[in-house]
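Computation of the quantities below employed the complete heavy-atom set of this structure, encompassing side-chain atoms and omitting hydrogens, waters and symmetry-equivalent molecules. These numbers were taken from a predicted model, which means no experiment stands behind them.
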There are 2 protein chains.
Amino acid sequence: MYSLAEENYIKTIFHLQQTKKGVVSTNAIAESMDTKASSVTDMVQKLSEKKVLSYVKYKGAQLTEEGKKIATRIVRKHRLWEVFLVDKLEFHWDEVHEIAEQLEHIHSTELIKRLDKFLGSPAFDPHGDPIPDEHGNFVKTEKKLLSQLHKSQFGICVGVKESSTEYLQYLDKKKISIGTKINVLGKEFFDGSMVIEVGTNQFFVSKKIADNLYVQTL
Amino acid sequence: MYSLAEENYIKTIFHLQQTKKGVVSTNAIAESMDTKASSVTDMVQKLSEKKVLSYVKYKGAQLTEEGKKIATRIVRKHRLWEVFLVDKLEFHWDEVHEIAEQLEHIHSTELIKRLDKFLGSPAFDPHGDPIPDEHGNFVKTEKKLLSQLHKSQFGICVGVKESSTEYLQYLDKKKISIGTKINVLGKEFFDGSMVIEVGTNQFFVSKKIADNLYVQTL
DNA sequence: TTTATTTTTTAGCCAAGGCTAAAAAATAAT
DNA sequence: ATTATTTTTTAGCCTTGGCTAAAAAATAAA
């Protein structure tokens, strides 16, 4: 069993080594966790002894397989709870992070198993990020522009390229927000326009619109 | 904001002063929390400075109004989460305590407001204990025998007087367990037998049966 | 290739919460 | 009313997870 502090370090290092690719520097961890480098050194040395990560002085830290497993479980919990908060308690997607930060540390594998089932084993959280399955497997996703999808593919809205007021209002009107699933029903070869499905709504979007929306795809 | 340790002390003292009536001794707290008396003394002195309880050396501790408020909020959270675990995640009522012990420390008033609404503002938890409302008011309940109820009253099953195998099997068959709501539809003056409703089922119970079941009533 | 600068680590300190052992107060027994 | 026993407190120490300031290593600049 890992302490709250340990879990938070593991989670942070996991996220950092996704982006920064490879070993993570002491300073990077410190900055990301809003703490001091000296504190990070201490903790990283402790976690290294626990075989959660490998650590070479002055070089940085890198999670072991065990460490990644722990991190993945935390991420799974975090994202499932976010789905719960949004889908069941009707929170808005941008209000749930803080609460999920707390809920992700609740210890009970049975709880998560049942929560997952209760939520219908969702594949994405309300921000459009993929939820690892119970074995820790992430679906490998790619961030693309909506315009890059083909007919009968789908994507989860994760952001916009340029955010003009008009565009955001358009998305709002069409009930597209972060985490929304978008099915591509058809695509016009000639002008790149598409027919998409959002919820139960089906409508037409121009290439200009589809070029401005980022989606996460499998 | 109170720490995890502080919240646990406050909660424990709250429960102890319900039963033991009045001031709570250092040893009682220590035993109940499975810790040492010396640790209790330290914490109780700290909480006294924070005006959460009044404490007289060698005499014991007693929660202030503020302390009771904090305790009540924790109890409310604990019991609402238990309802969630049983009603929504289909845990059995005797499996949920540990998990609720963790969930009760999640900080977010909005979360509890929404959880309560989501659950239909339940008045009792799965053990038949009353859930304080958002202002901290407990419905004042009384523990009675089912046989003491009158027509059109209801009670929440909280236990049995004598537990023979046959009796427990009977309850099982009738889908009566801890936390089950029982409506008294009719009562026969002559022999004390009753017609009760459990879920959507309505059936007859003899006085002997009704005399053996404890229920919580408003 | 020295010298400066940045990054990281070490050393020493602090607060929270716990523990043990000894002292002090309260309570019970003679 | 003493003495014995139990309860509670104090004193001192431990671990976790922070912090600051100084030292050491790595990196960049001259």
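- Under the rule for a salt bridge (charged side-chain N to carboxylate O under 4.0 Å, His left out), the partners of B/K207 that lie at least two apart in sequence or sit in another chain are B/D211.
- At distances below 3.5 Å, not a single donor-acceptor pair connects side-chain atoms of B/S48 with backbone N or O atoms of B/V44.
- Between A/L47 atom CG and D/dG18 atom C1' there is a gap of 15 Å when expressed in whole angstrom units.
- Rounded to a whole Å, the CD atom of A/Q45 is 13 Å from the P atom of C/dT8.
- At the phosphate of C/dT10, OP1 or OP2 sits under 4.0 Å from a side-chain N or O atom of A/K57.
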Please tabulate the protein-to-nucleotide N/O contacts below 3.5 Å involving nucleotides 1-3 of chain D, giving atom names and distances.
none

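- A straight line from CD1 of A/I29 to P of C/dT7 spans 15 Å, rounded to a whole angstrom.
- Counting only distance, with no hydrogens or angles, the side chain of A/T64 and the backbone of A/V52 share a donor-acceptor pair below 3.5 Å.
- Put simply, the side chain of B/T41 reaches to within 4.5 Å of the side chain of B/Q45, judged on heavy atoms.
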Under 4.0 Å protein heavy-atom contacts per nucleotide of nucleotides 19-25 of chain C, with B for base, S for backbone only and - for none: BB----S

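- Under the rule for a salt bridge (charged side-chain N to carboxylate O under 4.0 Å, His left out), the partners of A/R76 that lie at least two apart in sequence or sit in another chain are A/D116.
- Distance A/E49 CD to D/dT16 P: 11 Å, rounded to the nearest Å.
- The side chain to side chain donor-acceptor pair (under 3.5 Å) analysis of residues 125-146 of chain B, with sequence neighbours excluded, yields the pairs B/E82-B/H127, B/T141-B/Q216.
- B/Y9 has a side-chain polar atom (N or O) that falls below the 4.0 Å cut-off from OP1 or OP2 of C/dG18.
- Distances shown here put a side-chain N or O of B/N27 below 4.0 Å from the OP1 or OP2 atom of D/dT8.
- Nucleotide C/dA23 has D/dT8 as its partner under the Watson-Crick or G-U criteria, with both atom distances under 3.5 Å.
- Applying the ring-ring contact (aromatic ring centres under 6.0 Å, His included) rule to A/H97 yields the partners A/H78; only residues at least two apart in sequence or on another chain are considered.
- The neighbour count for A/E98 CD, taken as heavy atoms of other residues, nucleotides or ligands under 6.0 Å away, does not exceed 12.
- Where A/M33 and A/K59 meet DNA chain D, the nucleotide closest to each residue was compared, and A/M33 sits on the side nearer the 5' end.
- In this structure, B/L4 atom CG and D/dT16 atom P are separated by 17 Å, rounded to whole Å.
- Regarding contacts with the backbone of D/dT9, a side-chain N or O of B/T26 is found under 4.0 angstrom from either OP1 or OP2.
- In this structure, A/F91 and B/L111 have side chains that are in contact, with non-hydrogen atoms separated by less than 4.5 Å.
- If you measure from atom CD of B/E31 to atom C1' of D/dT7, you get 13 Å, rounded to the nearest angstrom.
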